[in-house]
Amino acid sequence: MSVRPTPPIVVVGAGVAGLSAALALAPRPVLLVCERPPGEGGATPLAAGGLAAALAAGDSVADHAEDTLLAGHGNDREAVRVLVAGAADAVAWLEAQGVRFDRAADRRYAFGREGGHRRARILHAGGDATGAAIARSLAAAARATPSIRVLDGLRVDGVRLGTDGRVCGVLALDAAGVRHALDGAAVLLACGGIAGLFADRTGPAGLQGLGLSVAQAVGARLRDLPFVQFHPTALALEARASDGRRSLITEALRGAGAVLRDRRGQRLMAAHPLGDLAPRDQVARAVAAADGPWLDTSPCAPDWPAAFPSTVAAIARHGLAIGDPLPVCAAQHFHMGGVASDLDGATSVPGLFAVGECAANGAHGANRLASNSLLEGVVYGRRAAAALAAATSRPRPSATRRFAPGAEPEALATLRLRLSAALGPVRRRSELLRLLPTLAADTRQHTIARALVIATLAQRGNLGAHQWHAADAPVAVPISLWPGSPAAHHGQRPGSGRSVRP
Ligand SMILES: Cc1cc2nc3c(=O)[nH]c(=O)nc-3n(C[C@H](O)[C@H](O)[C@H](O)COP(=O)(O)OP(=O)(O)OC[C@H]3O[C@@H](n4cnc5c(N)ncnc54)[C@H](O)[C@@H]3O)c2cc1C
């Protein structure tokens with residue numbers, strides 16, 4: 001009797017979440033589909049701050065959970081518990097994959113501090129090149145794993161469904177324009193966030209909400225769409241990185257003593273009990289509202305540059321050094337919203353799983369705590385892998401759902417500018433209502449932008465990273481603005497739906 005081979009799992013995305021899942025699935029066959037080679041694309045290699053883990057003497061998982069909840073406003077408590085309780089194991093697992101976290105002279109981990117953390121609990125690898133170190137090690141491990149077939153150079157542009165309605169594959173275009181159908185037992189989305197829909201951003205242009213498109217194509221539930229995180233210290237200089245993103249001035253600089261000031265030299269965060277290390281949403285709003293905000297790095301210790309080479313290199317491109325005043329602005333950085341998933345990555349549609357930044361399981365609430373995202377990718381990527389072990393049947397593909405075509409470069413540039421203007425750290429209903437009719441084009445990116453704007457309009461009060469302008473009255477919002485509006489099921493999450501009136 002012949003034994004049927006185990007069907008592969010199709011993993012879309014090769015950042016920290018996709019690579020963690022693919023490695024944890026071994027020896028189960030994996031088709032690892034990604035646009036750029038593993039270790040190179042997405043946000044993971046850019047991650048500068050580090051990875052949070054309550055491993056320092058005197059720290060505790062409970063304290064890490066409390067900081068996550070305090071920053072997050074309405075997180076799913078169980079999702080937070082799983083995240084922070086999994087940190088020690090995640091660090092050990094990453095080390096087993098070859099990641100070398102920085103240690104002090106006594107060989108103990110060297111911990112840094114970031115916004116919203118009341119303790120120093122951020123691990124670095126190569127200083128502020130932590131994401132690159134993790135991406136490099138995981139990519140090398142994946143390439144050395146025979147069960148993982150890396151299929152890079154492919155842009156996913158559709159989904160495949162089996163006769164039983166389960167998601168079982170994706171469609172992807174190669175550089176020559178040839179479309180490939182990649183099928184397996186299930187699809188795990190690990191395809192990152194929405195940076196590429198914003199002009200002012202810290203993330204790569206290529207991350208344009210693929211997870212949201214897949215979910216829209218198959219009717220999977222989305223959640224928390226209005227909760228877009230802005231980083232308060234993007235470098236506010238005209239010249240930008242090659243793909244249009246702004247250089248990030250890592251939060252670790254404020255952890256090392258730097259303070260935010262306005263044009264007149266007044267401190268921006270003096271009134272907050274956590275000062276310049278307040279949660280990111282609050283600092284981003286202060287920066288967005290300030291006249292001529294800049295980071296005063298003069299209080300940083302003289303040996304600081306040696307520890308954070310990426311930030312030093314980024315500012316050196318503009319002729320600046322630590323100690324100089326660094327002009328900063330708030331820029332899109334992370335999406336708390338995404339494809340609604342449970343703690344094993346399962347979505348509302350059979351066969352479709354999601355982890356990492358494209359997913360939303362409630363762990364980050366309405367405002368992610370700094371350095372919890374790399375951790376999320378490892379913890380939940382590995383959990384999804386364990387859950388996917390049960391997917392053993394190979395559905396027979398019977399239907400495909402192609403996405404709407406991608407926007408032309410000019411239309412995409414306009415869309416990015418408009419979203420950055422209207423969907424920033426502080427939003428105005430009037431602006432969003434004016435924006436909506438301009439998003440009518442039938443492209444993949446406009447479809448996502450409409451969903452983001454409609455869900456934001458449906459958000460009644462201020463919560464975490466979502467804040468209405470003070471002049472906006474708390475009016476009832478017509479969620480039927482668009483036929484078939486998805487706003488109804490984007491609701492007031494996260495958590496209980498609790499929200500505060502502006
Ligand atoms: C500048 C910067 C600094 C950051 N610093 C930190 C930090 O210090 N600590 C922290 O915890 N978090 C940090 N974050 C957030 C964190 O880096 C990300 O949330 C996290 O890396 C996301 O991992 P991921 O695996 O979900 O997705 P990504 O790492 O973004 O990977 C997405 C993958 O999907 C692929 N993909 C996307 N679209 C397609 C498509 N259409 N077809 C095929 N493949 C596709 C990409 O090629 C890539 O392989 C930072 C983010 C930025 C932008």
Side-chain angles (χ1 to χ4, degrees), residues 10-22 32-53 83 112 114 122-125 127-135 138-139 150-158 170-174 182 188-196 198 201-214 229 231 233-235 241 245-252 280 310-311 314 331-336 338 354-359 364 368-378 380-381 403 406 444:
V10 180
V11 176
V12 181
V16 63
L19 287 168
S20 298
L32 186 60
V33 185
C34 43
E35 221 167 340
R36 300 276 309 281
E40 291 182 23
T44 298
L46 303 176
L51 181 142
L83 178 74
E114 289 196 309
I122 313 301
L123 289 174
H124 298 115
D128 58 359
T130 308
I134 290 176
L138 295 186
V150 176
L151 301 167
D152 57 29
L154 293 177
R155 178 187 288 256
V156 171
D157 73 341
V170 296
L171 294 174
L173 280 177
D174 66 21
L182 305 157
L188 173 62
L189 298 173
C191 46
I194 57 171
F198 290 78
R201 59 176 185 273
T202 62
L207 294 178
Q208 295 172 9
L210 172 63
L212 302 180
S213 292
V214 171
Q229 183 167 76
H231 198 290
T233 55
L235 191 59
R245 71 187 147 78
R246 288 191 182 275
S247 298
L248 186 72
I249 307 302
T250 174
E251 211 157 302
R280 210 167 257 178
S310 308
T311 302
Q332 194 280 346
H333 185 63
F334 183 83
H335 196 199
M336 278 69 73
V355 287
E357 190 169 338
C358 71
H364 301 306
R368 174 183 68 107
L369 181 67
S371 287
N372 267 356
S373 178
L374 292 174
L375 177 62
E376 176 200 10
V378 179
Y380 284 106
F403 307 150
R444 192 178 79 71

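The analysis underlying the following values was restricted to heavy atoms, covering all of them including side chains, and did not include hydrogens, waters or symmetry mates. Note that ligands are numbered from 1 as they come in the structure, with each ligand's atoms numbered from 1 the same way. All figures in this text were calculated on a predicted structure; none of them were measured in a lab.
Heavy atoms of L207 approach ligand 1 to within less than 4.0 angstrom. For the ligand labelled ligand 1, residue L51 lies outside the 4.0 Å heavy-atom shell. Residue A48 places a heavy atom under 4.0 Å from ligand 1. Every heavy atom of H335 sits 4.0 Å or more from the atoms of ligand 1.
Close contacts between ligand 1 and G356 involve ligand atoms 26 (O) [criterion: under 4.0 Å to a heavy atom]. Annotation for ligand 1: atoms under 4.0 Å from non-hydrogen atoms of A190 are 32 (C), 33 (C), 34 (O). Near A17, meaning under 4.0 Å from any of its heavy atoms, are these atoms of ligand 1: 25 (O), 26 (O). For ligand 1, the atoms closer than 4.0 angstrom to any heavy atom of R155 are 41 (N), 42 (N). For ligand 1, the atoms sitting less than 4.0 Å from at least one non-hydrogen atom of F334 are 19 (O), numbered in the order shown with element in parentheses. Heavy-atom contacts of G15 reach the following atoms of ligand 1: 25 (O), 29 (O), 31 (O), 49 (O) (cutoff under 4.0 Å). In the vicinity of G192, heavy-atom distances shorter than 4.0 Å reach the ligand 1 atoms 27 (O), 30 (O), 32 (C). Near L154, the atoms of ligand 1 lying under 4.0 angstrom from a non-hydrogen atom of the residue are 42 (N), 43 (C).
A salt bridge is absent between R368 and E376: the closest approach of a Lys/Arg side-chain nitrogen to an acidic carboxylate oxygen does not fall below 4.0 angstrom.
Using a 4.5 Å heavy-atom threshold, the side chains of C358 and L210 count as separate.
When hydrogens are left out, the protein atom nearest atom 42 (N) of ligand 1 is V156 N, 3.0 Å; that is the closest non-hydrogen contact. Shortest contact from atom 12 (N) of ligand 1 to any protein heavy atom: R368 NH1, 3.3 Å. Looking only at heavy atoms of the protein, atom 51 (C) of ligand 1 is closest to H333 CE1, 3.5 Å. Protein heavy atom nearest atom 46 (C) of ligand 1, with residue, atom name and distance: G42 N, 4.2 Å. The shortest contact between atom 49 (O) of ligand 1 and any protein heavy atom is with A14 N, 2.9 Å. Shortest contact from atom 40 (C) of ligand 1 to any protein heavy atom: L210 CD2, 3.4 Å. Scanning all protein heavy atoms for the shortest distance to atom 21 (O) of ligand 1 gives T44 OG1, 2.9 Å.
Nearest-residue assignment for atom 36 (N) of ligand 1 (options G377, G18, C191; heavy-atom criterion): C191. The option with the heavy atom closest to atom 9 (N) of ligand 1, from among A47, G50, G49, is G50. Looking at L19, L374, L151, V378 and measuring to atom 10 (C) of ligand 1, the nearest heavy atom belongs to L374. Nearest-residue assignment for atom 19 (O) of ligand 1 (options P204, G112, C34, S373; heavy-atom criterion): S373. One option in A43, G211, S371 has a heavy atom closer to atom 30 (O) of ligand 1 than any other, and that option is A43.
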